Amino acid sequence: MSDRTEILRHLMQLVGISSFQLLSERTGMSRRAIDTLRKGNAATLRYVDLAKLAEVLQIEVNDLIAKFISEPSNSEVSISAIAALREEYQRLQQKFEHQKQELRSQFERETIHQLESLLLQLPSAAYASQQNPNMLAKNILPLLRPLDALLQKWGITTIGSVGAEVPYDPQRHQLMEGSDQLEEGSMVVVRYVGYIQGEKLLYRARVSIAI
């Protein structure tokens, strides 16, 4: 059985790692796995551990495997097998991430579409009820709380607040009446809030010219 301890120590020194304990902490590998590596049995370790170790030691995974496999005659076969495993692992990981993102995006699009009228009308109804406590619309105010929580979870924020006077921004505001050539920066009143998700504009706030 070949001892590869000095090879490992050399690689560790190149990246400023002074002990096997520190290497264990940096890589998340157990000391047992590191001892297995020192004995030249890299092919028996998990690919995810080898990939993390290679990242910390700043070398290619295949190079790492080549340095820590005991039997030279079987090195090419072992490297080929683990390289194939790596490619399959990466392919499955990418496929999983893509599917997860696609499902999440689809779910959000469908939910936003279903809530569109609620998103656009409810803030105005809430504002109206606050101005006139006798309006029955005040009874729907509790509905805003779970909606606000849902929007916050998705990173969706409102553009403006109903009744607020703000400088006109054609990128974020849509005039409800009057000339579309209103000068940018002119004061307008928000009638219906808009929504933005990160850098993506979902709905522009609908505004009217301030009197």
Side-chain angles (χ1 to χ4, degrees), residues 26-29 45-56 58 60-62 64 81-130 137-178 180-182 184-186 188-208:
R26 293 275 184 88
T27 61
M29 293 177 64
L45 297 175
R46 297 186 306 163
Y47 174 78
V48 65
D49 287 336
L50 294 173
K52 180 61 178 177
L53 179 63
E55 179 184 351
V56 171
Q58 300 178 16
E60 294 293 328
V61 178
N62 284 355
L64 177 72
I82 294 182
L85 178 62
R86 178 193 63 184
E87 292 176 1
E88 179 66 9
Y89 171 83
Q90 291 176 337
R91 185 185 68 80
L92 292 175
Q93 188 177 48
Q94 290 172 356
K95 181 179 179 181
F96 173 76
E97 288 297 325
H98 176 75
Q99 290 177 338
K100 184 172 69 174
Q101 291 297 328
E102 183 60 30
L103 287 173
R104 179 181 177 87
S105 296
Q106 180 180 352
F107 172 74
E108 291 182 0
R109 287 195 302 268
E110 291 176 353
T111 304
I112 289 173
H113 178 71
Q114 293 173 355
L115 294 179
E116 180 175 341
S117 61
L118 188 65
L119 290 173
L120 299 179
Q121 301 294 333
L122 199 53
S124 296
Y127 176 77
S129 70
Q130 290 171 348
K138 66 181 180 180
N139 296 325
I140 67 173
L141 287 178
L143 297 177
L144 285 172
R145 298 191 188 102
L147 179 60
D148 288 341
L150 179 63
L151 296 179
Q152 183 177 8
K153 181 178 179 180
W154 287 352
I156 297 175
T157 56
T158 58
I159 299 175
S161 57
V162 178
E165 290 193 11
V166 297
Y168 177 62
D169 179 356
Q171 301 299 319
R172 298 163 65 90
H173 299 146
Q174 176 183 348
L175 280 174
M176 296 179 64
E177 74 281 329
D180 290 337
Q181 302 301 318
L182 181 66
E184 184 173 352
S186 299
V188 293
V189 179
V190 177
R191 301 303 181 187
Y192 297 90
V193 300
Y195 291 89
I196 191 169
Q197 184 177 33
E199 299 296 325
K200 181 181 180 182
L201 176 67
L202 300 178
Y203 304 102
R204 289 189 293 169
R206 298 171 66 186
V207 299
S208 61

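Predicted model, so just to flag it, every value in this text is computed and none were measured.
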Using the side-chain contact (heavy atoms from CB on, under 4.5 Å) rule, take Thr158 and Tyr195 through it: C-alpha gap first, then chi angles, then the decisive distance, then the call. CA-CA 5 Å; Thr158 58; Tyr195 291 89; 3.5 Å; yes
In short, Ala205 meets Ile159 closest at the heavy-atom pair CB-O, 3.6 Å
side-chain hydrogen bond (donor to acceptor under 3.5 Å, both in side chains) between Gln106 and Glu102: does it pass, once the steps are laid out? CA-CA 6 Å; Gln106 180 180 352; Glu102 183 60 30; over 6 Å; no
Take a 6.0 Å sphere around CD of Gln152 and say whether it holds more than 12 heavy atoms from other residues, nucleotides or ligands. no
Nearest heavy-atom approach of Lys52 to Arg26 is CE-O, 3.6 Å
Using every non-hydrogen atom in the two residues, find where Tyr192 and Leu120 come nearest and quote the distance to one decimal. CD2-O, 3.1 Å
Intermediate values then yes/no, side-chain contact (heavy atoms from CB on, under 4.5 Å), Val207 and Leu175: CA-CA 5 Å; Val207 299; Leu175 280 174; 3.9 Å; yes
Could you grab the distance from atom CZ of Arg191 to atom CZ of Arg206, nearest 0.5 Å is fine? 11.5 Å
Start with the C-alpha distance between His173 and Leu182, add both sets of side-chain angles, then the distance that settles side-chain contact (heavy atoms from CB on, under 4.5 Å), and finish with yes or no. CA-CA 11 Å; His173 299 146; Leu182 181 66; over 6 Å; no
Output yes when a side-chain donor or acceptor of His98 lies under 3.5 Å from a complementary backbone atom of Gln94, and no otherwise. no
To the closest 0.5 Å, what do you measure between NZ (Lys153) and CD (Glu108)? 9.5 Å
With side chains defined as the heavy atoms from C-beta onward, is the minimum distance between Thr157 and Leu151 less than 4.5 Å? no
CD of Glu165 to OG of Ser208: how many Å apart, nearest 0.5 Å? 9.0 Å
Is a donor on one side and an acceptor on the other found under 3.5 Å between the side chain of Gln197 and the backbone of Trp154? yes
Can any side-chain N or O of Arg172 pair as donor or acceptor with the backbone N or O of Leu201 at less than 3.5 Å? no
Can Ile112 and Ile156 be said to form a side-chain contact (heavy atoms from CB on, under 4.5 Å), step by step? CA-CA 11 Å; Ile112 289 173; Ile156 297 175; 4.0 Å; yes
NZ/Lys100 to CZ/Arg104 distance, rounded to the nearest 0.5 angstrom? 9.0 Å
Roughly how far apart are Met29 CE and Leu45 CG, rounded to 0.5 Å? 5.0 Å
